[in-house]
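Heavy-atom basis, side chains included; hydrogens, waters and symmetry copies ignored. Model, not experiment: these values are computed from the prediction. Start at 1 and go down the list; that is how both ligands and their atoms are numbered.
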Amino acid sequence: MSAPPFPPPTSPAPPGGTLRLVLGDQLSHSLSALDGLDPLRDTVLMMEVRDEATHVRHHAQKIALFFSAMRHFAAELAAQGIRVDYVRLDDPANSHSFTGEIARAVVRHAPARILATEPGEWRVEDALLALREELSIPLEIAPDTRFFATRGDFERWAEGRRGLRMEFFYRQMRRDHALLMEGEEPVGGRWNFDAENREALPATVQPPAPPRFAPDAITAEVLALTAREFPSHFGTLDGFGWAVTREDALTALDHFIAHALPRFGDYQDAMRAGDPFLFHAILSPYLNIGLLEPREVCAAAERAFHEGAAPLNAVEGFIRQILGWREYVRGIYWLKMPDYARSNHFNATRPLPRFFWHGQTDLACLAHVVAETRDHAYAHHIQRLMVIGNFALLAGLDPAAVEEWFLVVYADAVEWVELPNVHGMALFADGGVLGSKPYAASGAYIDRMSDYCAGCRYSPKEKSGPKACPFNYLYWDFLDRNRETLARNPRLAMPYRNLARFDEARRHTIRADAARFLDALEPAQAGRDW
Ligand code: FAD
Ligand code: DLZ
Ligand code: SF4
């Protein structure tokens with residue numbers, strides 16, 4: 001596909017129109033901020049600002065993805081005859097903050113009002129609300145209608161409930177949106193086929209290669225800009241192959257439905273060294289920046305089931321991730337922020353280890369996942385949860401430091417989805433708002449679900465001594481040290497019964513192994529680690 005012209009030519013707006021904001025994760029033609037747009041009077045404002053790339057030092061591929069997709073979206077709007085005021089990062093007058101750029105655009109266009117769509121981050125909404133107080137024209141914030149559930153829908157669902165479990169929210173969403181339903185009943189007679197979705201990946205099974213999209217002229221310019229402006233950021237730009245247009249994102253969706261969805265369910269939890277993608281969709285960045293909409297992605301999966309192209313365990317499992325988990329974590333985020341981010345259930349304070357950035361560790365599973373994250377700005381769910389997240393939980397890493405790492409390193413990381421997954425699901429730092437128990441696991445889990453251990457200097461079978469897998473003693477040490485808060489959890493009754501059978505000598509060895517390992521971790525030093 002040839003690149004559309006960029007930047008699109010702009011003519012001055014007549015005073016009195018609406019200034020419509022489109023942020024970097026709002027690249028959807030259906031966006032509420034574009035509703036009722038009058039091309040003669042209105043202006044769309046898009047801003048590349050340094051503050052957004054550096055408030056945490058995002059992975060270079062993530063910055064390039066956002067900027068290139070923003071530029072392509074701006075060009076598409078301009079091709080429809082819409083006036084787009086696009087502020088480039090290298091514009092000498094750029095103030096490098098959203099609020100600074102909105103204030104400057106108000107002077108340029110003299111609008112009667114500003115219309116935004118709810119941002120994806122509490123931080124950004126807070127800044128917009130503060131700006132609203134200072135402006136002499138109204139700034140309206142419209143609901144983000146691209147999600148199945150609005151923030152208000154989730155609040156109503158949550159109201160008066162003692163526990164906010166995802167499973168019950170998901171069932172309600174299936175009913176409300178008639179997805180995989182036969183009347184009032186779930187297709188196949190069950191809501192959840194997870195028990196069938198936990199297979200390890202046999203060496204003979206070859207996953208499809210994910211589609212890569214060669215950079216066009218716009219992307220090539222953005223890649224050069226990113227390399228020049230953010231040279232010290234984590235991650236490589238080599239082989240950048242993300243879709244940056246809706247057209248290419250739709251190709252990626254079609255590819256997933258045809259080639260990976262049929263076995264998505266079976267191998268959803270599997271991991272293989274050197275193959276980060278397996279049968280996963282690799283669609284989260286496109287969903288999160290708006291190139292794809294969750295409704296069309298779920299509809300495509302449901303269609304594949306009805307056409308006999310994919311089995312129910314795969315399609316239900318996939319739809320649950322989007323209709324269930326994705327909507328649920330967004331609901332939790334907006335219901336609980338900003339206090340949510342401040343909780344620290346285990347009082348975990350250990351600094352982030354340095355290897356989270358440079359990846360040089362003799363724990364093979366962690367070395368693989370960090371290296372793949374550096375190369376692709378991607379890791380799949382179980383790598384994030386059961387390798388990196390599990391390690392962070394067991395090692396008692398400071399939740400804020402871990403959250404910042406996750407926000408930096410993944411192309412799909414926008415805070416509304418990153419934070420609940422890290423803070424709640426992986427670290428249990430919310431004390432059980434999101435999950436009913438911590439996802440803590442020993443090396444046996446990683447060994448069962450991956451081939452990492454075969455190439456590791458440690459052994460998942462050894463419990464103590466120099467060859468013992470550190471996940472083993474860290475797991476028991478975690479349970480032992482957090483006995484006060486966890487022992488009464490009925491879902492942890494079995495491991496605590498096992499721990500009670502350990503004699504004092506074994507407990508002492510566990511504590512000593514864990515302390516020796518944790519004391520040897522070299523802490524990260526901001527900006528100097530990779
Ligand atoms: P698939 O495994 O193919 O799943 C399909 C889709 O389901 C994804 O594209 C995604 O949109 C959705 N989905 C799946 N699981 C979740 C979930 N737990 N929460 C929300 N949506 C989900 N997802 C993000 O989009 N951004 C993040 O910053 C992010 N951080 C995470 C951090 C941790 C510690 C964990 C455990 C999970 C995180 N996730 C995050 C969820 C999940 O790991 C990614 O959505 C998924 O790996 C994206 O790859 P995929 O498109 O191949 O997903
Ligand atoms: C992630 C990101 C980056 C790197 N840069 C920009 C930017 O320059 N302009 C922009 O509009 N958005 C950017 N984003 C996304 C925002 O940081 C943020 O995630 C969303 O606006 C959600 O509030
Ligand atoms: Fe990871 Fe332990 Fe397996 Fe090594 S032995 S790869 S550290 S789980």
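For the ligand labelled ligand 1, residue Ala260 lies outside the 4.0 Å heavy-atom shell. Contact annotation: Tyr410 has no heavy atom less than 4.0 Å from any atom of ligand 1.
Using a 30° and 60° split on the angle between ring planes, His376 and Phe277 fall in the perpendicular class, above 60°.
Residue Ile388 does not touch ligand 1, judged by heavy-atom distances below 4.0 Å. Here Leu287 has side-chain heavy atoms under 4.0 Å from ligand 1, and that is the only part of it that gets that close. Contact annotation for Glu415 and ligand 2: no heavy atom of the residue comes within less than 4.0 Å of the ligand. Within the 4.0 Å heavy-atom criterion, neither part of Gln268 lies near ligand 1. Of the heavy atoms in Leu23, both backbone and side-chain atoms come closer than 4.0 Å to ligand 2. Contact annotation for Phe277 and ligand 1: no heavy atom of the residue comes within less than 4.0 Å of the ligand.
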Could you check His29 against Glu76 for side chain to side chain donor-acceptor pair (under 3.5 Å), going step by step and ending with a plain yes or no? CA-CA 9 Å; His29 292 280; Glu76 284 172 20; 2.7 Å; yes

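Against a heavy-atom cut-off of under 4.0 Å, Gly24 is close to the following atoms of ligand 2: 10 (C), 11 (O), 12 (N).
Distances between N or O atoms of Leu283 and those of ligand 1 include at least one value under 3.5 Å.
Between Asn421, Asn390, Leu419, it is Asn421 that holds the heavy atom closest to atom 19 (N) of ligand 1.
Distance from atom 14 (C) of ligand 1 to its nearest protein heavy atom, with residue and atom name: Gln321 CB, 3.4 Å.
At least one N/O/S atom of Cys365, whether from backbone or side chain, sits less than 2.8 Å from atom 1 (Fe) of ligand 3.
Seen from the ring of Phe234, Arg57 does not count as a face-on cation partner, given the 6.0 Å and 45° thresholds.
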